[in-house]
Number of protein chains: 2
Amino acid sequence: MDRSAPPRRVTIVDVARHANVSTTTVSKVLRNAYGASPAMHQKVRKAIAELGYRPHAAARGMRGQTYTIGVMLPDIRNPFFADILDGVNEQLTDTEYQVLLGRGYNGEAAEERVTDTMLDHQMDGVILIAPVSSRARLDHIAATVPMVVVGRHARSAAYDSVADNDTAGAALVVEHLAGLGHRRIAHIEHHETDRDRLAEMPNAIRAQGYRQAMHAHGLADEVDIASTTYTQQGGYLGARQLLARPVRPTAIFAGADIVAMGAIQAIAEAGLSVPDDISVAGYDNTMFAAFDPISLTTVDQAGRQIGANAAQLLVSRIVDRGRRSTQVTLSPTLVVRRTTAAPREE
Amino acid sequence: MDRSAPPRRVTIVDVARHANVSTTTVSKVLRNAYGASPAMHQKVRKAIAELGYRPHAAARGMRGQTYTIGVMLPDIRNPFFADILDGVNEQLTDTEYQVLLGRGYNGEAAEERVTDTMLDHQMDGVILIAPVSSRARLDHIAATVPMVVVGRHARSAAYDSVADNDTAGAALVVEHLAGLGHRRIAHIEHHETDRDRLAEMPNAIRAQGYRQAMHAHGLADEVDIASTTYTQQGGYLGARQLLARPVRPTAIFAGADIVAMGAIQAIAEAGLSVPDDISVAGYDNTMFAAFDPISLTTVDQAGRQIGANAAQLLVSRIVDRGRRSTQVTLSPTLVVRRTTAAPREE
DNA sequence: GTGAAAGCGCTAACAC
DNA sequence: GTGTTAGCGCTTTCAC
């Protein structure tokens, strides 16, 4: 068995020969380009089927399109991103575009590596989900390839963006908790110092929305933020900080469901119960929020829809790179479950 | 602003000119190939840095390697796969290999599409995680590109595989539950009919291991399997089936943590409690199993290690495509938490 | 409407 | 040890 010499791939030349046409014609049929008669189309399609031909994306990339879209996601463990991906794929079904994924690990260096890889593979477009990269870097990518940014409130002429209204989402949570009678409503945020990101990243905007909403409800003095990260570990540590306050909060608004999971764990370890001692709300309405033993009150972001919008914008930009950039903002809704309740009488 | 004409990419010719050497020399330096003096190396590296040159993977793919590895995973929502990916990435850090991901959706058609895409992009190797594709299809891929299969007990001369000993894992669970005094131990499996997959897929082997272990503990008459899927929904439906039995099981061994989640939900909805009324055990030791309010007894598969092994095997096969195939089997361990306890006295 | 031929960026074979 | 050159599979002028 000669495994060292893989069978030669069927090429466009083979198809052309088999169909008795030129490679040009085959290429035109492949791309549905102008200048091939129906008869030619049929002949070529037949030859393609008979030979089991597949165009070679790497070779295509050297001249034209690869029909491949790259999606960068920061964290494969957050099920919310899976919802977005579902939307992307749904939108791309029945198109000729394929999707390949890359992980950004919430770090600029890793994001640069993976986006570079996508560019090196000559992808036709990229969707970046909640990227932490600098604006300059985003502009650089967008200058090279059609790009859509998801979940970051960016307003750039060079690329489109799709985001949820995080200010409104944070307000929904605070309103709900305040309405239940809570005053000491604390927040766990994903720490942010970079100027641009403070203005654009959802975590920063949720934190800002929290502050605003607290003010709006006359609770400005009660603002209390634990600054960690959007991870389970971050939620755990953040809640421990908050529980150690001289006066404990009666409710915690975690910036993401996964953060709420960590917070709930810390609360349980402290011998307190949810929601009797402390109410907890999350953000994202992931499948785990819906999971009965948890039943987390949370904000629903309609990830599928976000993803579908992103894919649609990207494809339209691939078709027309010159068109003006679009910003889509979707509205979140609150899903009340069993982790929030009126505070205990004191 | 002329966004329709992205700036021309820096090519190997630019680097060669800038460094006053030939493109061959640049290419050699890039690949650390034999035949370039240290002085040349330095000159070329300097030019590369100054011009910000990056080799074009698509172009490289037409002649040599792309230094890109494709990983196909069936389900992005199962956090166990994230553990495997971490292992892959860890192993590949400090190598020149980049990783791109594709989703297989647990379906043959989707797996074919995404693996084809990887081949079209001329990836240097692929890692398939728990693929459901036919053996013929796996052989076909392996004939084209170095490949490692993870989590499927395949013995092929054409590719390597890394799997956990699922028979042993299932036995650990049954042993644990029987040791607690359970007799009516039911199992929720991922339904399988295909012959090859029955022999190779972890779900099928876990179910078979369950049967064997029940026999070994003199509980052959108590074997009771609900056949659904490895999803939260599957766990929910499976548990509902089991709860409707004339005589209810006192313990449920779910084939995956995510299945256990659904089962726990069904049990809660039925007004029963875990573990007082029913013990539940999972498989995979995902982060959600460790999550305190759940605290699921489960089997730990050491996903990181699985991934690291897979990546290492793949790279070694890229280097030597002719070498004999290897099968790595890792041993699982049981993690006892709070969802399992002795059955209630009757 | 169709085909011949150039060339995308790179690597490999070969000459020097 | 270094450079010249052919050619990977495809798309794109540009003749016809």
Side-chain angles (χ1 to χ4, degrees), chain A residues 5-44 47-48 51-68 96 116 119-124 144, chain B residues 5-44 47-48 51-68 96 116 119-124 144-145 318:
Chain A
R8 200 179 63 78
R9 209 181 151 115
V10 178
T11 75
I12 199 172
V13 177
D14 301 321
V15 176
R17 192 151 32 209
H18 192 82
N20 256 309
V21 299
S22 71
T23 58
T24 309
T25 304
V26 177
S27 176
K28 281 181 174 166
V29 171
L30 284 176
R31 292 174 290 115
N32 276 312
Y34 175 80
S37 64
M40 283 292 163
H41 264 261
Q42 189 162 1
K43 261 167 75 175
V44 171
I48 287 176
L51 297 177
Y53 167 76
R54 290 184 52 81
H56 195 307
R60 292 185 116 172
M62 299 210 57
R63 297 297 257 144
Q65 295 187 226
T66 54
Y67 298 94
T68 310
E96 25 199 3
D116 270 342
L119 298 184
D120 296 346
H121 277 270
Q122 201 70 16
M123 296 197 174
D124 292 347
T144 311
Chain B
R8 200 179 65 78
R9 209 181 151 114
V10 178
T11 73
I12 198 171
V13 178
D14 300 322
V15 175
R17 193 152 30 212
H18 192 83
N20 256 310
V21 299
S22 70
T23 58
T24 309
T25 304
V26 178
S27 176
K28 282 181 175 166
V29 171
L30 286 175
R31 293 173 291 117
N32 276 309
Y34 175 80
S37 65
M40 284 293 164
H41 264 262
Q42 188 163 1
K43 259 166 80 175
V44 171
I48 288 176
L51 298 177
Y53 166 76
R54 291 185 51 81
H56 195 307
R60 292 184 116 173
M62 300 213 55
R63 296 299 257 144
Q65 296 187 225
T66 55
Y67 299 94
T68 310
E96 23 198 6
D116 271 342
L119 298 184
D120 296 345
H121 277 271
Q122 202 70 14
M123 297 197 174
D124 292 347
T144 312
V145 72
I318 290 172

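Per chain, numbering begins at 1; letters A, B, ... match sequence-line order.
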> Going 5' to 3' along DNA chain D, which nucleotides are the first and last within contact of chain A (any atom under 4.0 Å from a heavy atom)?
Replying inline: D:dG9 to D:dT12

Strictly under 3.5 Å: I want the nitrogen or oxygen pairs between protein and nucleotides 11-14 of chain C, one per line.
residue : atom : partner : partner atom : Å
C:dT11  : OP1  : B:R60   : NE           : 2.8
C:dT11  : OP1  : B:R60   : NH2          : 3.3
C:dT11  : OP2  : B:S27   : OG           : 2.8
C:dT11  : O2   : B:R63   : NE           : 3.4
C:dA12  : OP2  : B:R31   : NH1          : 2.7
C:dA12  : N6   : B:T24   : OG1          : 3.2

> Any idea which heavy atoms bring B:V44 and B:A19 closest together, and the distance?
Replying inline: CA-CB, 4.4 Å

> Hey, mind stepping through B:R9 and A:D120 against side-chain contact (heavy atoms from CB on, under 4.5 Å) and telling me if it holds?
Replying inline: CA-CA 10 Å; B:R9 209 181 151 114; A:D120 296 346; 2.7 Å; yes

> Which whole-number value in Å describes the distance from A:Y34 OH to C:dG1 C1'?
Replying inline: 8 Å

> So, is B:T11 near the phosphate of C:dG9, with a side-chain N or O under 4.0 Å from OP1 or OP2?
Replying inline: no

> Which heavy atom in B:M123 sits nearest to a heavy atom in B:V145, and how many Å separate them?
Replying inline: O-CG2, 3.2 Å

>> For B:H121 and B:T68: C-alpha separation, side-chain torsions, deciding distance, then whether side-chain contact (heavy atoms from CB on, under 4.5 Å) applies.
In response: CA-CA 9 Å; B:H121 277 271; B:T68 310; over 6 Å; no

> If you take all heavy atoms of A:T66 and A:Q122, which pair is closest and at what distance?
Replying inline: OG1-O, 2.9 Å

> Can you tell me how far P of C:dG9 sits from CG of A:L119, to the nearest Å?
Replying inline: 15 Å

> Which heavy atom of A:V10 sits nearest a heavy atom of A:L51, and at what distance?
Replying inline: CG2-O, 3.6 Å

> Given that A:N20 and B:M62 both sit by DNA chain C, which one's nearest nucleotide is further toward the 5' end?
Replying inline: A:N20

> When rounded to the nearest 0.5 angstrom, what distance separates NZ in A:K28 from CZ in A:R31?
Replying inline: 8.0 Å

>> Show the nearest heavy-atom pair for residues A:D124 and A:Y67, with the distance to one decimal.
In response: OD2-N, 2.6 Å

> How is B:A36 classified with respect to the nucleic acid when contacts are heavy atoms under 4.0 Å: base, sugar-phosphate, or nothing?
Replying inline: sugar-phosphate

> Could you give the CZ-to-C1' distance, from A:R17 to C:dA4, as a whole number of Å?
Replying inline: 15 Å

> When the distance from CG of A:D120 to C1' of C:dC10 is rounded to whole Å, what number comes out?
Replying inline: 13 Å

>> Could you tell me how far apart A:H121 (NE2) and C:dG9 (P) are, to the nearest whole angstrom?
In response: 17 Å

>> Contact between A:D14 and A:T11 at the side-chain level, heavy atoms closer than 4.5 Å - yes or no?
In response: yes

